2 protein chains.
Amino acid sequence: MVGNAQVSRAAKSRAGARPSRGPRRSANGSAASNGLDDEIGLDALAGHAGYAVRRFQIWIFQDFIRTLAAVDIRPTQYSVMTVIGANPGLSQMAVAKRLGIERARLVHLLDSLEHRDLVSRIRSATDRRSHALHLTARGRTALAQFKRLAAEHERHVAEKIGKENREKLLQILSAFT
Amino acid sequence: MVGNAQVSRAAKSRAGARPSRGPRRSANGSAASNGLDDEIGLDALAGHAGYAVRRFQIWIFQDFIRTLAAVDIRPTQYSVMTVIGANPGLSQMAVAKRLGIERARLVHLLDSLEHRDLVSRIRSATDRRSHALHLTARGRTALAQFKRLAAEHERHVAEKIGKENREKLLQILSAFT
DNA sequence: GAAGATTGTTGTTGACGACAACAATTGTTG
DNA sequence: CAACAATTGTTGTCGTCAACAACAATCTTC
């Protein structure tokens with residue numbers, strides 16, 4: 001069930017500061033010469049926000065998944081439950097829009113959460129096309145636990161990049177939340 | 001060719017600061033009541049780095065793809081060419097490790113780039129299992145153009161989050177580059 | 001030289017985003 | 001009010017991508 005989450009096991013623990021430099025051992029003819037000694041230097045990629053963000057996102061999702069593995073909740077499931085918990089009665093359309101996921105995708109997510117008795121779909125009386133989404137009683141207590149684990153995950157993030165950096169980052173990206 | 005890139009069309013242009021508050025119209029029974037007026041408030045998600053980073057990553061990849069659409073280069077292809085360009089002669093294993101992608105995945109990426117005559121695989125004389133990767137002449141001039149477009153993309157990022165914020169972000173995430 | 005590791009390759013699985021089509025229902029408009 | 005358009009949830013297809021497993025060719029090592 002971990003599935004996606006683009007983990008890329010070679011998580012790399014190094015974060016050593018190393019002065020940038022020109023291409024190393026360029027055109028030495030021998031491939032595999034760089035097989036094990038790590039450290040290649042990708043220079044040009046260093047100035048690209050997208051690359052750094054992608055790598056960070058991979059790391060952060062991996063940690064989230066690992067931290068919440070015991071309760072078997074993935075980031076998207078967590079975000080869905082959080083939104084429903086904070087806004088009971090929302091339609092699927094509204095949740096999908098808010099989270100930027102497709103309503104087709106949300107169908108499966110809710111199927112899964114409903115099977116686990118965490119969320120319930122209730123036909124709306126006013127608009128019988130739509131479903132009012134609610135957490136079940138079990139879902140509410142479960143979400144409380146999920147949030148505790150998510151907070152632990154956030155502490156991991158703070159450990160990784162620094163407490164102030166995490167807050168600065170949240171501030172910088174607040175427009176996307 | 002855009003394919004993945006998790007776009008989520010509802011790109012949202014709003015970034016209005018709005019004071020956080022408790023659950024809105026909780027349990028009003030009527031779903032769909034929130035269908036069109038946007039603004040739902042997901043509260044709890046606001047403090048989660050992973051969510052903000054994910055949304056930002058979606059935005060940034062989308063812009064990268066759009067900005068380099070004319071040359072039909074996606075972020076991963078760009079990163080592969082950049083690394084090879086900076087470190088000619090690398091093996092596929094080394095490139096995969098450096099970029100945190102699987103060697104199985106790199107096979108297809110290189111197939112595509114080789115078909116377009118941007119990259120060439122040269123059997124290593126010293127280790128005949130491996131391929132030494134090089135940019136072709138065409139690949140080198142192409143990469144130069146890609147880099148110009150990528151720089152334009154970075155300017156879009158700076159416009160979006162602010163010049164200093166972009167630099168701060170690069171600094172915070174430098175450990176992941 | 002035989003056993004084990006590495007490299008590139010192929011194929012499978014699962015998560016995910018984009019899209020298209022559909023039934024049920026609502027809204028809109030002549 | 002009746003035809004037509006739009007919305008909601010749903011199903012299914014396609015393409016991208018990460019994670020694995022297996023394999024042949026080729027080193028490495030003992």
Side-chain angles (χ1 to χ4, degrees), chain A residues 1-11 30-36 54-55 57-59 61-62 64-66 72-77 79-80 90-97 99-112 114 121-133, chain B residues 1-11 30-36 54-55 57-59 61-62 65 74-77 79-80 90-97 99-112 114 121-133:
Chain A
M1 67 220 29
V2 163
N4 182 303
Q6 47 280 66
V7 172
S8 74
R9 248 53 153 160
S30 158
S33 54
N34 232 321
L36 290 179
R54 170 179 165 261
R55 297 298 295 251
Q57 206 252 2
I58 290 171
W59 182 90
F61 264 56
Q62 184 181 12
F64 186 100
I65 292 168
R66 191 168 37 217
D72 191 22
I73 285 289
R74 312 194 77 253
T76 311
Q77 297 175 309
S79 68
V80 169
L90 240 43
S91 71
Q92 298 186 192
M93 197 57 216
V95 171
K97 235 173 161 177
L99 291 176
I101 61 188
E102 254 186 297
R103 55 194 209 282
R105 168 111 189 83
L106 189 58
V107 171
H108 301 297
L109 285 167
L110 289 174
D111 284 350
S112 154
E114 205 170 25
R121 288 188 251 222
I122 303 176
R123 285 226 90 94
S124 164
T126 58
D127 184 343
R128 287 170 39 222
R129 291 170 302 182
S130 68
H131 291 153
L133 301 174
Chain B
M1 66 218 38
V2 163
N4 180 303
Q6 48 279 66
V7 171
S8 75
R9 249 52 154 156
S30 159
S33 54
N34 231 321
L36 290 179
R54 170 179 163 260
R55 297 298 293 249
Q57 206 252 3
I58 290 170
W59 182 90
F61 264 56
Q62 185 182 13
I65 292 168
R74 311 192 77 254
T76 310
Q77 296 174 311
S79 68
V80 169
L90 240 44
S91 71
Q92 298 186 193
M93 197 58 215
V95 171
K97 234 174 164 178
L99 291 177
I101 60 189
E102 256 186 296
R103 55 195 211 281
R105 168 112 187 82
L106 191 57
V107 171
H108 300 298
L109 285 167
L110 289 174
D111 284 350
S112 154
E114 205 170 26
R121 288 187 250 222
I122 302 175
R123 284 226 91 93
S124 165
T126 58
D127 184 344
R128 287 171 38 223
R129 291 171 303 182
S130 68
H131 292 152
L133 301 174

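Order of the sequence lines sets the chain letters (A, B, ...), proteins ahead of strands, with each chain counted from 1. Given the structure is predicted, the values throughout are model-derived calculations rather than measurements. Worth knowing before you read on, the calculation uses all heavy atoms, side chains too, and leaves out hydrogens, waters and symmetry mates.
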*Asks:* Rounding to a whole Å, what distance do you find between R54(A):CZ and dC17(D):P?
*Replies:* 9 Å
*Asks:* Give, for atom NE2 of H131(B) and atom CE of M93(B), the distance between the pair rounded to the nearest 0.5 Å.
*Replies:* 14.5 Å
*Asks:* Can you tell me how far the CD1 atom of I122(A) sits from the OG atom of S130(A), to the nearest 0.5 Å?
*Replies:* 11.5 Å
*Asks:* Between Q77(B) (side chain) and R74(B) (backbone), is there a donor-acceptor pair under 3.5 Å?
*Replies:* yes
*Asks:* Over all strands shown, is Q92(B) touching base, sugar-phosphate only, or nothing at heavy-atom distances under 4.0 angstrom?
*Replies:* sugar-phosphate
*Asks:* For dG30(C), what is the paired nucleotide under Watson-Crick or G-U wobble rules, both distances under 3.5 Å?
*Replies:* dC1(D)
*Asks:* Find the distance R105(A):CZ to dG17(C):P and express it as a whole number of Å.
*Replies:* 6 Å
*Asks:* What pairs with E102(A) under side chain to side chain donor-acceptor pair (under 3.5 Å), at least two apart in sequence or on another chain?
*Replies:* none
*Asks:* What is the separation between atom CG on L110(B) and atom P on dT10(C), rounded to the nearest whole Å?
*Replies:* 12 Å
*Asks:* Given atom CG of L109(A) and atom P of dG9(D), what is their separation to the nearest angstrom?
*Replies:* 14 Å
*Asks:* Please identify which of these residues, R121(A), R103(A), K97(A), meets the side-chain hydrogen bond (donor to acceptor under 3.5 Å, both in side chains) condition with Q92(A).
*Replies:* R121(A)
*Asks:* Only counting residues at least two apart or in another chain, list the ones meeting salt bridge (charged side-chain N to carboxylate O under 4.0 Å, His left out) with R129(B).
*Replies:* D127(B)
*Asks:* Rounded to whole angstroms, how far apart are CD on E102(A) and C1' on dC19(C)?
*Replies:* 7 Å
*Asks:* I58(A) has an atom CD1; how far is it from atom P of dC17(D), in whole Å?
*Replies:* 12 Å
*Asks:* Just how far, in rounded Å, is P of dG8(C) from CD of E114(B)?
*Replies:* 13 Å
*Asks:* Quick one: L106(A) CG to dA15(C) P, roughly how many Å, whole number?
*Replies:* 16 Å
*Asks:* If you check every side-chain atom of T76(B), which of dC17(D), dA15(C), dC20(D) has the closest atom?
*Replies:* dC17(D)
*Asks:* Does some side-chain heavy atom of L133(B) sit less than 4.5 Å from a side-chain heavy atom of S91(B)?
*Replies:* no
*Asks:* Where the side chain of R74(B) is concerned, which of dC17(D), dC19(C), dA18(D) is the nearest nucleotide?
*Replies:* dC17(D)
*Asks:* Where the side chain of D111(A) is concerned, which of dG17(C), dT10(C), dT11(D) is the nearest nucleotide?
*Replies:* dT11(D)
*Asks:* Between dG8(C), dG9(D), dC17(D), which nucleotide has the shortest distance from any of its atoms to the side chain of V107(A)?
*Replies:* dG9(D)
*Asks:* Quick one: what's the B/S/- string for nucleotides 24-30 of chain D, heavy-atom cutoff under 4.0 Å, read 5' to 3'?
*Replies:* -BBS---
*Asks:* With the side chain of R103(B) defined as its heavy atoms from C-beta on, choose the nearest nucleotide among dT10(C), dG17(C), dT7(C).
*Replies:* dT7(C)
